[in-house]
2 protein chains.
Amino acid sequence: MRQRRKEARPAELMAAALDLFVERGFAATKLDDVAARAGVSKGTLYLYFANKEELFKAVIQQGILPVLAQGEEMLTQFDGDARALLQVMLMRWWELVGTTHLAGIPKLMISEAGNFPEVAQYYYENVMVRGRGLIREVLQRGIASGQFRAVDVEAAIDVILAPQMMLAIWRYSLGSCDCGKQDPQTYLRTHIDLLLNGLMAAEKK
Amino acid sequence: MRQRRKEARPAELMAAALDLFVERGFAATKLDDVAARAGVSKGTLYLYFANKEELFKAVIQQGILPVLAQGEEMLTQFDGDARALLQVMLMRWWELVGTTHLAGIPKLMISEAGNFPEVAQYYYENVMVRGRGLIREVLQRGIASGQFRAVDVEAAIDVILAPQMMLAIWRYSLGSCDCGKQDPQTYLRTHIDLLLNGLMAAEKK
DNA sequence: TACATTACTGACTGGCCAGTCAGTAATTAT
DNA sequence: ATAATTACTGACTGGCCAGTCAGTAATGTA
């Protein structure tokens, strides 16, 4: 009954590690616990990852890249206006990320950036920059078409992403305190509503 | 030259601890380093704080409560309209917090909430709830006076606070990666501009 | 002066955990 | 069958660090 699905081991270990890193932080997570959650011994873990830090890097990389790919594809294929595109992208992101533990990665990166500058650099260049690029493209389309006001695009990108990040972060941090919190859907809807209204070029009634 | 300003020791230790906790996280911070930064030995630290966790709690409590007091006072004294009040509060918050290491506390709480549920609970009840109360009051005034649209107030509070939180968090996490980042003033101005536009009741040209 | 009190020190210890590696079990090859 | 290879184990160790405490220095007091 041992060693089934040979090539599945690393994925199982990374999933276990993501869970625990997100829940407890990097330093407070014991590799014994990671291995136990994946149903193997600590020694097995070291067959697939050179050390704790390499495991950490792998978790970050594998977890986040697929999401970006989806976003970039959506950008090239979507044929509605900028307003609708922005709305769809913000909601789709939560669909992809909010239903998994991937939502914990922003919290993890924020917590550990100081201790792992190289990982932070990697994340910044490969995740933040690409993610910001998606929003930048949408804003520029909207401004070019006259649908959006000519806001400061770079600043607006960060302002738009902040509530999305906080939504993801909340669940894995203080989210445990406020049980009565309204659901993410209401939050997202309100964010998008405020945002689109704020971006809209003055022309209505 | 030793033991000057007797009652200043705890404050010096807490300042040193805040710096290092924010920079490295709770688990990765050594009490030897905290003591060294405060210019004393580790033994001295234990004269003022029972253990590492008590030091952590003290840092959180002492750091954040004064800021809230300011906000609550502003609410009772300000005599402009809701629009101006909201703007002033968001900017003043950054003045108070952005110029000190207090800005690192949100990052710290987010990182460690899972490991210190009691501290998280305390922070939630005494900081988040009160902070949200400030914004709620402003929104309700604005909606009552017809200046703001009737948005979902509870959700809007979180959407409004998110960019403020991220501004504080950024500096102590991935902020080290993007040196070319525009200044916080531009970011804040864009946030407030988008927000006020988004909140405004439709009545303009 | 001597004695008491307060402030501080830093070597020490005990537990914890990342990382190792000699050994065992399962699988595959011959 | 037997050998060779691959997958996995878990007891062990070495370093690190929170927390201790016997001792020293400074200050206060009589």
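Chain identifiers are assigned alphabetically (A, B, ...) following the order of the sequence lines, protein sequences preceding nucleic acid strands; residue numbering begins at 1 within each chain. Basis for what follows: all heavy atoms, side chains included, without hydrogens, waters or symmetry-related copies. Computed from a predicted model, the values in this text were never measured in an experiment.
Regarding B:L13, its CG atom lies at a distance of 14 Å from the P atom of C:dA7, rounded to whole Å. Atom CG of B:L47 is separated from atom P of D:dA26 by 17 Å (rounded to the nearest Å). Computed from coordinates, the B:L45 CG to C:dC8 C1' distance equals 12 Å when rounded to whole Å.
Contact check, A:T44 against D:dT9: a side-chain N or O comes under 4.0 Å of OP1 or OP2. Of the side-chain N and O atoms in A:Y48, none sit less than 4.0 angstrom from OP1 or OP2 of D:dA7.
The two atoms that bring B:A120 and A:L174 nearest to each other are O-CD2, 3.6 Å, heavy atoms only.
Among the nucleotides D:dT9, D:dC8, C:dT9, the one closest to any side-chain atom of B:V40 is C:dT9.
Donor-acceptor pairing under 3.5 Å is lacking for the side chains of B:T190 and B:D193.
For the pair B:F116 and B:E53, the minimum side-chain heavy-atom distance is below 4.5 Å.
The pair B:D152-A:R189 does not meet the salt-bridge criterion, since no charged nitrogen lies less than 4.0 angstrom from a carboxylate oxygen. A salt bridge links B:R132 with B:E154: the distance from a Lys NZ or Arg NE/NH1/NH2 to an Asp or Glu carboxylate oxygen falls below 4.0 Å.
Judged by the 6.0 Å and 45° rule, B:K52 forms a cation-pi pair with B:F26.
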Heavy-atom protein contacts under 4.0 Å, nucleotides 13-20 of chain D, coded B base, S sugar-phosphate only, - none: ----SBBB

